[in-house]
Amino acid sequence: MSEEKKRVGMIGTKERYFQPEIEMISAGDLADLQLKRLQETVANCYSNINFYKNALDAAGISPKDIKSLDDLCKLPFTTKQDMRDAYPFDLFAINVHDNVQRLHASSGTTGNATVVGYTQQDIDNWGDCFARAIAQVGGGSESILQVAYGYGLFTGGLGAHEGGIRIGATILPMSSGNTRRQVQMMRDFGVDILACTPSYALLIADTAIELGFDPAKDFPISGAILGAEPCSEGMRKEIERKLGVTVVDIYGLSEVMGPGVSCECRYQNGLHVAEDHFIIEIVDPKTLLPLPDGEWGEVVFTTLSKQCSPLLRYRTRDISRIIPGACDCGRTLRRMDRITGRTDDMLIIRGVNVFPSQFQQVIAAFPEVTSYYQIILSREHTLDKVTLNVETVADFDFDEIKKIESLQHRITAELKSNLQVSVDVKVVEPKSIERSEGKAKRVIDLR
Ligand code: DLL
């Protein structure tokens, strides 16, 4: 095996899902590929989607004006509201009765659902992106992949499933829920790769331990592909320790493609974006001007290969940055940092902007508490009040009031000094915070 391949961590038959022609593409070749695909995408949008024809006409741009990648910033943005307004199929470039193989939709809890269609080619590309993630944790055609993301309109389950098909793994399509059964099959079937949300991976690990197993020793599982919600470094380490796995963070969103838009490599130092399928930009959320590499802002994606639901400059509302420089793994696809929050789940606590994930980072430094936490927002007179419930580890002596008070006091002080916010910290008994089988509900707003 070449030194290069050793560095990217591919061994044996697993080499088959390392695609050096893409994953180690030169900057020049990538720019050529992206420009060609961008031109095709803009032409597809203009000819087949009224919304984009009108938006491009209004901006005075025609597809032939896209002569270089620098012209990207001339294109209009697309927002979630645009997608909602297009419900159900107005942003499709293909008639839903023609080559559209599958529909996915985001939950419509705050308005119409956003609906995305996939042709067979779109699904194959998606599978390709997820398969790269499976390879990152050492998976290959001989793997048994347990998919414990929810199946259905949510893209987690079927996205991971497509990755499993693409790489030729044996797929265990558990979906989420029935956690004891997840543990039993993980053990009995000799699962080596798990795909689910980080909070569910932790629940699976804790359930296995409760049932008397030590998955890190007793189970052959060795890799986990976790995403769909933020996961602090502390929580990642806890899952890695309890399950005996390498965890890679995978990112995606239903509007753009579901899981696989970007994914960490085993160096766990940022998520390599599938730049053959997407152009990433980081923009200032206020001015919407592109920001240089290294600066934090809103993540914007333009799709490059999607046939049914192409998107130009989709504003994700997620906050991240491009990590400057090359990754030690040798891949050249650029890396985005882990998502620190969203422009719209930002909490403003007495004038201070904080993201739920920042609470997670602070409590991760306290060995007395677990990674389960909940932020409760309420109103006292006219002021917002924030209570942070944190749960102690099982061997914490919960009868010692002094110990509880001291812990509460220390966490409160740490939050104050790190985040400049005053929070009522409430230490609660083990297992009293509701467990989640999908994305955890971290914030409860009672205001
Ligand atoms: O969560 C798709 C997905 C499924 C990604 C499985 C990864 C794994 P949505 O339900 O549309 O799609 O939610 C998308 O979830 O805009 C982020 O705010 C958040 N999110 C997704 N992945 C991550 C991640 C799926 N790795 C929204 N870290 C996105 C932090 C994430 N947040």
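When a ligand or atom number is given, it counts from 1 through the structure's own listing order. These figures come from a predicted structure and were not determined experimentally.
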For ligand 1, which atoms have a heavy atom of R342 less than 4.0 angstrom away? 16 (O), 18 (O)

What distance separates D188 CG from Q184 CD, expressed to the nearest 0.5 Å? 5.0 Å

So which of A160, A228, C263 gets nearest to atom 23 (C) of ligand 1, if we judge by its closest heavy atom? A228

What is the closest protein heavy atom to atom 25 (C) of ligand 1, and at what distance does it sit? G252 O, 3.6 Å

Write out the residue and atom name of the closest protein heavy atom to atom 6 (C) of ligand 1, then the distance separating them to 0.1 Å. Y149 CE2, 3.5 Å

Salt-bridge contact E23-R331 (side-chain N to carboxylate O under 4.0 Å): yes

Ignoring hydrogens and angles, state whether a donor on the side chain of H104 or Y118 is under 3.5 Å from an acceptor on the partner side chain. no

Residue list, ring-ring contact (aromatic ring centres under 6.0 Å, His included) with Y87, at least two apart or on another chain: none

Which ligand 1 atoms are under 4.0 Å away from a heavy-atom of S254? 9 (P), 11 (O), 12 (O)

Salt-bridge present (D424, K385; N to O < 4.0 Å): yes

For atom 2 (C) of ligand 1, the option (of T155, I250, D318) bearing the nearest heavy atom: T155

My understanding is that only one of H272, Q136, R335, R236 makes a side chain to side chain donor-acceptor pair (under 3.5 Å) with E264; could you say which? R236

Any heavy atom of R338 under 4.0 Å from ligand 1? The part involved is neither

Pick whichever of E229, E255, E264 has a heavy atom sitting closest to atom 31 (C) of ligand 1. E229

Does a salt bridge link E162 with R102, judged by any charged N lying under 4.0 Å from a carboxylate O? yes

Under a plain distance cut-off of 3.5 Å, with no hydrogens placed, do S357 and T340 share a side-chain donor-acceptor pair? no

Which heavy atom of the protein is the closest neighbour of atom 1 (O) of ligand 1, given with residue, atom name and distance? K439 NZ, 2.9 Å

Select one of side chain, backbone, both or neither to describe which atoms of D249 lie under 4.0 Å from any atom of ligand 1, heavy atoms only. side chain

With a 4.0 Å heavy-atom cut-off (strictly under), which part of S106 contacts ligand 1: side chain, backbone, both or neither? neither

R317: heavy atom below 4.0 Å from ligand 1, yes or no? no

Should you measure from each heavy atom of L253, which atoms of ligand 1 turn up under 4.0 Å away? 11 (O), 12 (O), 14 (C), 16 (O)

Going by an N to O cut-off under 4.0 Å, is there a salt bridge joining E255 and R317? no

Only heavy atoms count here, so choose which of C231, S320, P259 is nearest to atom 3 (C) of ligand 1. P259

Could you give all pairs that pass the salt bridge (Lys or Arg N to Asp or Glu O under 4.0 Å) test and reach residues 300-316, with sequence neighbours left out? E281-R313, E298-R315

Quick check on contacts: which atoms of ligand 1 are under 4.0 angstrom from a heavy atom of F154? 1 (O), 4 (C), 10 (O), 25 (C)

